[in-house]
2 protein chains.
Amino acid sequence: MPITIKDVAKHANVAPSTVSRVIADSPRISIETKKRVNRAMDELGYHPNLIARSLANQSTHVLGLVMPESVDVIFQNPFFSSVLQGLSEGAHNKTYALQMTTGKTKDEIFQEVVQMVQGKRVDGLVLLNSHVEDRLMSYLMDYGFPFVVIGKPYQLEDRVTHIDNDNFQAAKEVTEYLLGLHHKRIAFIGGNQDLVVTVDRLLGYKAALKEAGIEPIDSYIVHGEFLKEGGQEAIDALLKLKNRPTALVVTDDLMTLGVLHMLEDLGIAVTKEISIVSFNNVFLARMTQPPLTSVDINIFSLGYEAAKSLIEKIENSKEPVKRIIIPHQLIIRSSCAAMEA
Amino acid sequence: MPITIKDVAKHANVAPSTVSRVIADSPRISIETKKRVNRAMDELGYHPNLIARSLANQSTHVLGLVMPESVDVIFQNPFFSSVLQGLSEGAHNKTYALQMTTGKTKDEIFQEVVQMVQGKRVDGLVLLNSHVEDRLMSYLMDYGFPFVVIGKPYQLEDRVTHIDNDNFQAAKEVTEYLLGLHHKRIAFIGGNQDLVVTVDRLLGYKAALKEAGIEPIDSYIVHGEFLKEGGQEAIDALLKLKNRPTALVVTDDLMTLGVLHMLEDLGIAVTKEISIVSFNNVFLARMTQPPLTSVDINIFSLGYEAAKSLIEKIENSKEPVKRIIIPHQLIIRSSCAAMEA
DNA sequence: TTGTAAGCGTTATCAG
DNA sequence: CTGATAACGCTTACAA
């Protein structure tokens, strides 16, 4: 029913292949016919059937997004939206479309990916799940399918292109910042422990302490998942310690919001009694009471560069493996105070 | 290079069409060959090429998501993530994939939609932009393409299927709730004025006041966009009025967060000096100080039902136009107090 | 510079 | 119940 390339061909008195060439803007075609064909396309309101083109081309101009597994948890995080925004812009720049997985379990997602890949629905994939997961990655590597990951691919840093922050360094810096304010009892509140990002930040935190001659203590290191049952208990325990920390490194602004809430309940005054530095610097970091000192990790860029480098990989199959580190910076607001000497 | 239906056919000693029938699980095919073909598929690791199938079928099993225009603003809102989550689950249930637009301006988005539609890349569309925009909608209606909108399609309520809350009623109820707490000076802080949702809520607010015999005053109605320059000024002015309101209806939790912040700066105590009821009940509503009384509008369901009804429309072309109203409910926390009699 | 014709991998129609 | 064969709409050698 809709206009096809044949209709245009007839209308312009040329062969279908000629129309195709005009669309592809082939150089070896007379300006004359080019004009005539273009006019015909306009007059008929022609639009190429992208599916047919994909079939002939063996390429779709679509990027697949592999969503994180525990969507409920991560989706809520503004982090996620920002990455998506970056990906969107990166894809748009090169006129690629974006398609995403919808499954919730690891298995469902794996199946969807297989469908996308073998079903030839996408030209490449961005993995958003920095979980320590490798079935998917080994599948993709075996298959030789283009993909990049946002975050650090566990144990495959040298073999897959990834876009990440220097989370170790960032955590080290914030801890040093706190040390510089004469804090000695600094605790670490991290997210899910099998997220590589959490591990990296924990290591950075420990490294800073050690360099300062302070031995990290286990009771000062907790992993709370606010959105899950019981996640708050560990933190509650930490804050009730007789030797309560005077400063906290919290690995996510949203978690910090929760911590703030708990501190309020416990009647502990942020800044005066306890300092906090947080991560991600999402929108709400400046809206809390007090406004948070937080590490801006340039989430948008994470997504943008991921799309960009994936497209490079797609369009140039022997693009080398890359590790792209997005810079971070500590944004100082009002959630930290110096200890009295 | 990859395995095709022909390879399977050869391997199983049948014709390609037979393989196709096995895939489609056609009833008129012997259990014998069915088994044989299935085995062949397993052995060869066959996966159907979805692009080819789409071309033959004239259907993709993909839903298109038309993103809101001013992405930067809306993307940041947890609202957005939740809708996406609902859409994702709704699509997944019926094994549809999700593809989204990436453009930022109205024009870019329009062009992308045309591509998706005429390019036959998607079977239907969900419009997330409840902006008062109609070029896109009239195009789709003219074209006879299946789509649904989340929110209320301005002036087309009876002609396009949409999924919405009863925002008028919800706003009326919260205003009445405040009136019930003996507040008389109730102000309204809304978002972008050409969002239909803002208008509906404003109308509900006014209706409640009028029924209570209170004439709405202009100076008590402001529209602030926090993420934009100058958005806060109007609110600042409102809060500095000699006759400052004793209660606020704010149309979005994120905005409320901003208001909370401003109140803190002005030294006005929430609850004691001013009550607030908010909308959306996103995650952070329970994390603020004080926790917010907020209208839960079931954002997830909005997305879920949108996907569901779109798919119904796709699969049954004469599905009637529907208006699906997702219920809301006031979640009472601690941001409101009764006025002294 | 342009036309012809053979794919791309499926599905669907029609025989048998 | 199964096999040929013609679509689906486009691209791309190969000819002309």
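Each chain gets a letter, A, B and so on, in the order the sequences are listed, and its residues count up from 1.
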Review item, side-chain donor-acceptor pairs of residues 35-43 of chain A, under 3.5 Å, at least two apart:
residue  : atom : partner  : partner atom : Å
Arg36(A) : NH1  : Ala12(A) : O            : 2.4
Asn38(A) : ND2  : Lys34(A) : O            : 3.1
Glu43(A) : OE1  : His11(A) : NE2          : 2.8

Original post:
Considering residues, nucleotides and ligands other than Lys308(B), do more than 12 of their heavy atoms fall under 6.0 Å from its NZ?
Top reply: no
Original post:
Quick check: are there more than 12 heavy atoms from other residues, nucleotides or ligands sitting under 6.0 Å from NZ of Lys322(B)?
Top reply: yes
**OP:** Could you say whether Thr33(B) or Gln58(B) is positioned toward the 5' end of DNA chain D, judged by the nucleotide with the nearest heavy atom to each?
**Re:** Thr33(B)
Original post:
Roughly how far, to the nearest 0.5 Å, is the CD1 atom of Ile150(B) from the CG atom of Leu65(B)?
Top reply: 7.5 Å
Subject >> Arg121(B) side, atom CZ; Ser54(A) side, atom OG - distance, nearest 0.5 Å >> reply: 5.5 Å
Separation of atom [atom1] in [X] from atom [atom2] in [N], rounded to whole Å:
X	N	atom1	atom2	answer
Lys35(A)	dT1(C)	NZ	C1'	16 Å
Lys6(B)	dT11(C)	NZ	P	13 Å
Gln115(B)	dG9(D)	CD	P	17 Å
Leu55(B)	dC8(D)	CG	C1'	4 Å

**OP:** Just jot down the side chain to side chain donor-acceptor pair (under 3.5 Å) partners of Tyr46(B), sequence neighbours excluded, or say none.
**Re:** none
Original post:
Looking at residues at least two apart in the chain, or sitting in another chain, which of them share a side chain to side chain donor-acceptor pair (under 3.5 Å) with Ser309(A)?
Top reply: none
**OP:** Carefully, step by step, assess Lys313(B) and Thr161(B) under the rule side chain to side chain donor-acceptor pair (under 3.5 Å).
**Re:** CA-CA 9 Å; Lys313(B) 219 183 183 62; Thr161(B) 290; 3.1 Å; yes
Original post:
Under 4.0 Å between a side-chain N or O of Ser30(B) and OP1 or OP2 of dT2(D)?
Top reply: yes
**OP:** May I ask you to test the Thr4(B)-Asn49(B) pair for a side-chain heavy-atom distance under 4.5 Å?
**Re:** no
Original post:
Within a strict 4.5 Å, meaning less than it, do heavy atoms of the Val117(A) and Tyr139(A) side chains meet?
Top reply: yes
Subject >> Near-strand residues of residues 11-27 of chain A, defined as heavy-atom separation under 4.0 angstrom from DNA chain D >> reply: Ser17(A), Ser20(A), Arg21(A)
Subject >> Five-pair end axes of the helix from dT1(C)-dA16(D) to dG16(C)-dC1(D) and the angle they enclose, rounded to 10° >> reply: 40°
Subject >> Neighbours of DNA chain C within residues 37-53 of chain B, by heavy-atom distance under 4.0 Å >> reply: Tyr46(B), His47(B), Pro48(B), Asn49(B), Ala52(B), Arg53(B)
Original post:
Going through the checks in order, is the side chain to side chain contact (heavy atoms under 4.5 Å, CB included) test met by Thr101(A) and Glu69(A)?
Top reply: CA-CA 10 Å; Thr101(A) 59; Glu69(A) 188 185 343; over 6 Å; no
